[in-house]
There are 2 protein chains.
Amino acid sequence: MNSDFTLAIHSLTLLALQPDRMSTSEYIAESAGVHPVRIRKVLSLLKKNGFITSKEGTGGGFIFALDLDQVNLWDIYQITSEGALQPKCTDSNGQCIVGANMKSVLFSIFMGAEEHLGEYLKEYTIKEVVELVKQKETF
Amino acid sequence: MNSDFTLAIHSLTLLALQPDRMSTSEYIAESAGVHPVRIRKVLSLLKKNGFITSKEGTGGGFIFALDLDQVNLWDIYQITSEGALQPKCTDSNGQCIVGANMKSVLFSIFMGAEEHLGEYLKEYTIKEVVELVKQKETF
DNA sequence: TTTTACTGTAACGAATATTATTACAGTAAG
DNA sequence: CTTACTGTAATAATATTCGTTACAGTAAAA
């Protein structure tokens, strides 16, 4: 699984806990243990899709733009990782029935798998992820 | 997605169409467009799990050991790719609530996702994959 | 019994993909 | 006009995947 996906979840969860102020990429990067530039790349995708807004310059940063239960993990998956389930087959032998047709058969199976995964991921909104993180905290 | 998974499916589908004779790794490799050693590596996993048998020496190779509807894609996934959905998070900042707990929260979410995927993959047996490949052939 | 045709694996190298880092332009606050 | 940010391209470092070579083991067949 693409780690852009988990970085996006991580970032949004952090932003969810800082609803009143902007968070810098450096702050988020430190929490996630990655480089700030990587955070900015991932967050630029989320921004394009309207989940967050950003501001440049002093005092700038990122902030959540929607209600926490308006964003679910399937939304985030689609933005950051769509197609990640698809295996990248090398071209196989077209002379052979299996070689010639396997690729498209697998393609449709994995398409279905991704849709199915979507049904699961839709059940988790950022609100719920925040709850889960808070629960862990108490133990 | 790990390509061992699709190579395993490809190989088993080929073997399913050659129920009466042994197929060599070279033959399978040519159909799949990869190196024979890679096929042997993947097939050794399938052998360990009893889906196929193999024979060394002249006239040797691989052959399906079960009925085609006794093996489904979830079986194959588990053997070749279990955990592939889990993102490999870099260790994040333990000082931060989110950094400290996100990893385990994501872990359980992705565990659930894999189980959910399993329900979908169980619906496809090798028998059905063979049918799909044959259907493609006619068009 | 020696040759031939295979599997089984380890070891290493090549290719590819992912991630970090640097660099710098653009923006806004003070 | 300086400071503190985002945005993004380009490049370097690293990790992962995959191909290839090498060779031991096995069995059929000459």
Side-chain angles (χ1 to χ4, degrees), chain A residues 1-8 10-11 14-15 18 21-49 51-65 80-81 83-93, chain B residues 1-8 10-11 14-15 18 21-49 51-65 80-81 83-93:
Chain A
M1 176 64 59
N2 190 329
S3 75
D4 281 3
F5 182 41
T6 53
L7 273 182
H10 194 123
S11 302
L14 255 188
L15 295 185
Q18 311 282 338
R21 49 178 153 164
M22 302 215 117
S23 305
T24 68
S25 61
E26 193 179 344
Y27 167 71
I28 301 168
E30 193 171 351
S31 167
V34 299
H35 199 279
V37 171
R38 198 141 128 61
I39 294 293
R40 297 207 288 272
K41 274 183 203 158
V42 172
L43 292 194
S44 84
L45 294 171
L46 296 176
K47 185 187 173 184
K48 273 179 198 153
N49 287 271
F51 297 137
I52 60 175
T53 56
S54 68
K55 211 175 95 180
E56 301 185 8
T58 303
F62 303 88
I63 197 164
F64 220 104
T80 58
S81 312
L85 239 52
Q86 284 295 338
K88 33 206 162 320
C89 304
T90 60
D91 274 323
S92 46
N93 187 347
Chain B
M1 176 64 58
N2 190 330
S3 75
D4 281 4
F5 182 41
T6 54
L7 273 182
H10 193 124
S11 303
L14 255 187
L15 295 185
Q18 310 283 339
R21 51 178 154 164
M22 302 217 117
S23 305
T24 67
S25 61
E26 193 179 345
Y27 167 72
I28 300 168
E30 193 171 351
S31 168
V34 299
H35 199 278
V37 171
R38 199 141 127 60
I39 294 293
R40 297 207 287 271
K41 273 182 204 160
V42 172
L43 293 195
S44 83
L45 294 172
L46 296 176
K47 184 186 174 185
K48 272 179 199 154
N49 287 272
F51 296 137
I52 60 175
T53 55
S54 68
K55 209 175 95 181
E56 301 185 8
T58 302
F62 301 89
I63 197 163
F64 219 105
T80 58
S81 311
L85 239 53
Q86 285 294 338
K88 33 205 164 321
C89 304
T90 59
D91 273 323
S92 46
N93 187 346

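Labels below follow one simple rule: chain letters A, B, ... track the order of the sequence lines, proteins then strands, and each chain is numbered from 1. Predicted model only: the values in this text are computed from it and were never measured.
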Is Lys47(A) touching bases, backbone alone, or none of the nucleic acid, heavy atoms closer than 4.0 Å?
sugar-phosphate
>> Is the phosphate of dC18(D) approached by Ser3(B) (side-chain N or O, under 4.0 Å from OP1 or OP2)?
In response: yes
Q | Test item: Asp4(A) side-chain N/O and Ser81(A) main-chain N/O as donor-acceptor pair under 3.5 Å | A | no
Rounded to whole Å, NZ of Lys41(B) lies from P of dC18(D) at a distance of 10 Å
Rounded to the nearest 0.5 Å, the CD atom of Gln86(A) sits from the OG1 atom of Thr6(B) at a distance of 10.0 Å
Contact check, residues 25-40 of chain B vs DNA chain C, heavy-atom distance under 4.0 Å, returns Ser25(B), Val37(B), Arg40(B)
- Is it true that the side chains of His10(B) and Ser92(A) contain a donor and an acceptor less than 3.5 Å apart? no
- More than 12 foreign heavy atoms under 6.0 Å from CD of Glu30(A): is that the case here? no
Between Gly57(B) and Glu56(A), the residue closer to the 5' end of DNA chain C by nearest nucleotide is Gly57(B)
Establish, from distance only, whether the side-chain atoms of Arg38(B) and Ser3(B) form a donor-acceptor pair under 3.5 Å.
yes
- Using a 4.5 Å cut-off on heavy atoms from C-beta on, say whether the side chain of Leu85(B) contacts that of Leu85(A). yes
5'-most to 3'-most nt of DNA chain C touching chain B (<4.0 Å, heavy-atom partner on protein side) reads dT4(C) to dA11(C)
Nearest heavy-atom approach of Gly60(A) to Thr24(A) is O-CG2, 3.9 Å
Quick note, side-chain hydrogen bond (donor to acceptor under 3.5 Å, both in side chains) partners involving residues 52-64 of chain B, not counting sequence neighbours, are Lys47(B)-Ser54(B)
